[in-house]
Trainee: 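Before anything else, here's the structure in question.
Sequence positions, counted from 1, serve as the residue numbers for this chain.
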Amino acid sequence: MSILLDLRQAVIHKVHNQDEEQLRSMIEGSVDGPEAALPGLGVMFEMMWKDMDSSAQADLVSSLHDHLKTVTPGKIV
């Protein structure tokens with residue numbers, strides 16, 4: 001019998017019992033890492049976003065917007 005998990009549940013299952021250092025290691029290993037890690041970071045971001053109040057969300061969006069002004073996108077191939 002196979003068990004099917006959606007992506008969100010698979011990521012949550014993988015990190016559910018990790019301590020803070022293990023979570024940090026997972027995040028740091030994913031940032032600038034293989035693109036396959038990006039969906040996992042997206043799930044983690046989504047969990048945080050849902051727990052933020054609208055003021056914290058606005059601050060985050062503003063911070064991301066400011067950061068995007070400082071980077072130049074690469075070419076799409």
Side-chain angles (χ1 to χ4, degrees):
M1 175 183 203
S2 66
I3 298 175
L4 298 176
L5 296 175
D6 66 26
L7 179 61
R8 287 177 179 90
Q9 288 304 311
V11 171
I12 292 168
H13 180 75
K14 182 176 179 178
V15 300
H16 186 260
N17 290 317
Q18 291 187 355
D19 60 30
E20 289 183 14
E21 186 56 37
Q22 289 171 311
L23 285 173
R24 175 179 285 279
S25 178
M26 185 274 298
I27 292 166
E28 289 176 348
S30 298
V31 171
D32 292 328
E35 288 191 7
L38 294 177
L41 290 175
V43 170
M44 305 294 279
F45 178 86
E46 180 184 63
M47 291 184 341
M48 292 176 51
W49 181 265
K50 286 181 176 181
D51 285 341
M52 291 178 182
D53 62 26
S54 60
S55 175
Q57 288 175 342
D59 289 345
L60 180 57
V61 169
S62 179
S63 178
L64 286 168
H65 184 258
D66 290 345
H67 181 73
L68 286 168
K69 292 177 188 176
T70 69
V71 297
T72 303
K75 291 183 179 181
I76 298 175
V77 272

Trainee: Taking the side chain as every heavy atom from C-beta outward, state whether Met44 and Val15 have any pair of such atoms under 4.5 Å apart.
Mentor: yes
Trainee: Hey, what do you get for CD (Glu28) to CD (Glu21), rounding to the nearest 0.5 Å?
Mentor: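 It is 7.5 Å, given to the nearest 0.5 Å.
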Trainee: Find the distance between CZ (Phe45) and CE (Met52) and round it off to the nearest 0.5 Å.
Mentor: 6.0 Å
Trainee: Report the distance from atom CG of Leu64 to atom NZ of Lys69, rounding to the nearest 0.5 Å.
Mentor: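 Here the interatomic distance stands at 12.5 Å.
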Trainee: For residues Ile27 and Leu60: do they belong to one hydrophobic cluster (side chain heavy atoms under 4.5 Å, members Ile, Leu, Val, Met, Phe, Trp, Tyr)?
Mentor: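 Ile27 does not cluster with Leu60.
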Trainee: Less than 4.5 Å apart, side chain to side chain, heavy atoms only: is that true for Asn17 and Gln22?
Mentor: no
Trainee: Do Trp49 and Val11 belong together in a cluster built from hydrophobic side chains that touch within less than 4.5 Å?
Mentor: no
Trainee: To the closest 0.5 Å, what do you measure between CG (Leu41) and CE (Met26)?
Mentor: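 The CE atom of Met26 is 6.0 Å from CG of Leu41, to the nearest 0.5 Å.
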Trainee: Would you check if Ser62 and Asp66 make a side-chain contact, meaning some heavy-atom pair closer than 4.5 Å?
Mentor: yes
Trainee: In the structure I gave you, are the side-chain heavy atoms of Ser55 and Asp59 within less than 4.5 Å of one another anywhere?
Mentor: yes
Trainee: Taking all non-hydrogen atoms of both residues into account, name the closest pair between Gly29 and Pro34 and its distance.
Mentor: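 Reported closest heavy-atom pair: O-CD, 4.4 Å.
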Trainee: Starting from Met47, can I reach Leu38 by hopping between I/L/V/M/F/W/Y residues whose side chains sit under 4.5 Å apart?
Mentor: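 Result: yes, single cluster for both.
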Trainee: Quick one: does Leu68's side chain get under 4.5 Å of His65's, heavy atoms only?
Mentor: no
Trainee: Between Val31 and Leu23, is there shared hydrophobic-cluster membership here, with clusters defined by ILVMFWY side-chain heavy atoms closer than 4.5 Å?
Mentor: yes
